[in-house]
Amino acid sequence: MHIRKYAPKYAPDFKALNMEWLETFFYVEPYDNEVLSNPETYIISKGGHIFFAIIDEKVVGTVALMPMPEPHVYELTKMAVDTSIRGQGIGQQLMAHCIAFAKAEKAPKLVLYSNTLLENAIYIYRKCGFVEVPLEKEVQYDRANIKMELLLN
């Protein structure tokens, strides 16, 4: 497996993997559909990054780093792995890549929003050093009931 940065040819994979994940665990919110349909507008053009896990030239996972209003801070978001190979550490490798990338970019921290129903994901986040912080009252995801951050410096 290797990790590649965003290229327009991967946009359909970004949307398909995330839509499948959302439909499996929650539901697709209007904001999700807008971002997933227009990753260059909502993520790339705003200074964000999207990465793809590739095996034998097939996209098997993806994750995005979206810039937050706080300078140089990224939201770790839109992580999804192909259902046929979940549980093989691909999500953890994508996360490790994002952490290393953010450190190289001198980002002070990473932030993520999740849901406590996703026990395995929360376990992995904690294992990587993320800690729970207060969740804002106004969050753009209805499903989010936990906010976590990882200090990088």
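Scope of the values below: all heavy atoms of this structure, side chains included, with no hydrogens, waters or symmetry mates.
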Is there a continuous path of hydrophobic side-chain contacts, each under 4.5 Å between heavy atoms, that joins [X] to [Y]?
X	Y	answer
L135	L112	no
M148	V111	no
F52	I85	no
M68	L152	no
F26	Y31	yes

Side chain to side chain, [X] and [Y], heavy atoms closer than 4.5 Å:
X	Y	value
I54	M1	no
E105	Y74	yes
P67	V73	no

Looking only at non-hydrogen atoms, find the nearest pair between [X] and [Y] and report the distance.
X	Y	answer
M66	Y42	SD-O, 4.2 Å
I124	Q92	CG2-CG, 3.8 Å
I99	C128	CD1-CB, 4.1 Å
A64	I43	CB-CD1, 4.0 Å
P108	H72	CD-O, 3.3 Å
S37	N33	OG-O, 2.8 Å

Measuring from [X]:[atom1] to [Y]:[atom2], what's the distance to the nearest 0.5 Å?
X	Y	atom1	atom2	result
L110	M95	CG	CE	9.0 Å
L76	K109	CG	NZ	14.0 Å
I146	Y125	CD1	OH	10.0 Å
K5	I44	NZ	CD1	9.5 Å
I3	C98	CD1	SG	7.5 Å
W21	L36	CH2	CG	11.0 Å

* Asked: Without hydrogens or angle criteria, can the side chains of E75 and Y113 be said to hold a donor-acceptor pair below 3.5 Å?
  ->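 E75 vs Y113: no donor-acceptor pair found between side chains.
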
* Asked: Can you check side chain to side chain contact (heavy atoms under 4.5 Å, CB included) on L118 and F25, steps first, answer last?
  -> CA-CA 9 Å; L118 303 171; F25 294 101; 3.9 Å; yes

* To do: Determine, stepwise, if the pair E29 / L22 fulfils side chain to side chain contact (heavy atoms under 4.5 Å, CB included).
  => CA-CA 9 Å; E29 297 179 29; L22 287 166; over 6 Å; no

* To do: Count the heavy atoms belonging to other residues, nucleotides or ligands that lie under 6.0 Å from OH of Y123, then report whether that count exceeds 12.
  =>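 Check fails, neighbour count at 12 or below.
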
* Is the shortest side-chain N to carboxylate O distance from D32 to K15 below 4.0 Å? ->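 Looking at K15 together with D32, the answer is no, because their closest N to O distance does not fall below 4.0 Å.
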
Side-chain ([X]) to main-chain ([Y]) donor-acceptor, under 3.5 angstrom:
X	Y	answer
T62	F14	no
E136	K147	no
D82	S84	yes
N115	N145	no

* Asked: How far apart are the C-alpha atoms of V81 and V60, what are their side-chain angles, what is the distance that settles it, and do they pass the side chain to side chain contact (heavy atoms under 4.5 Å, CB included) test?
  -> CA-CA 6 Å; V81 174; V60 296; 5.6 Å; no

* Test E57 against R4 for salt bridge (charged side-chain N to carboxylate O under 4.0 Å, His left out), laying out the working first. => CA-CA 11 Å; E57 296 307 309; R4 291 191 187 147; 2.9 Å; yes

* Could you walk me through whether L17 and K78 pass side chain to side chain contact (heavy atoms under 4.5 Å, CB included), step by step? => CA-CA 9 Å; L17 286 167; K78 307 299 183 228; over 6 Å; no

* Examine Y6 together with H49 and report whether their ring centres are nearer than 6.0 Å. =>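 For Y6 and H49, the ring centres are not under 6.0 Å apart.
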
* Can you sort out the partners of R86 under side-chain hydrogen bond (donor to acceptor under 3.5 Å, both in side chains), two or more places apart, ordered by chain and number? =>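 R86: side-chain hydrogen bond (donor to acceptor under 3.5 Å, both in side chains) contacts with E20.
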
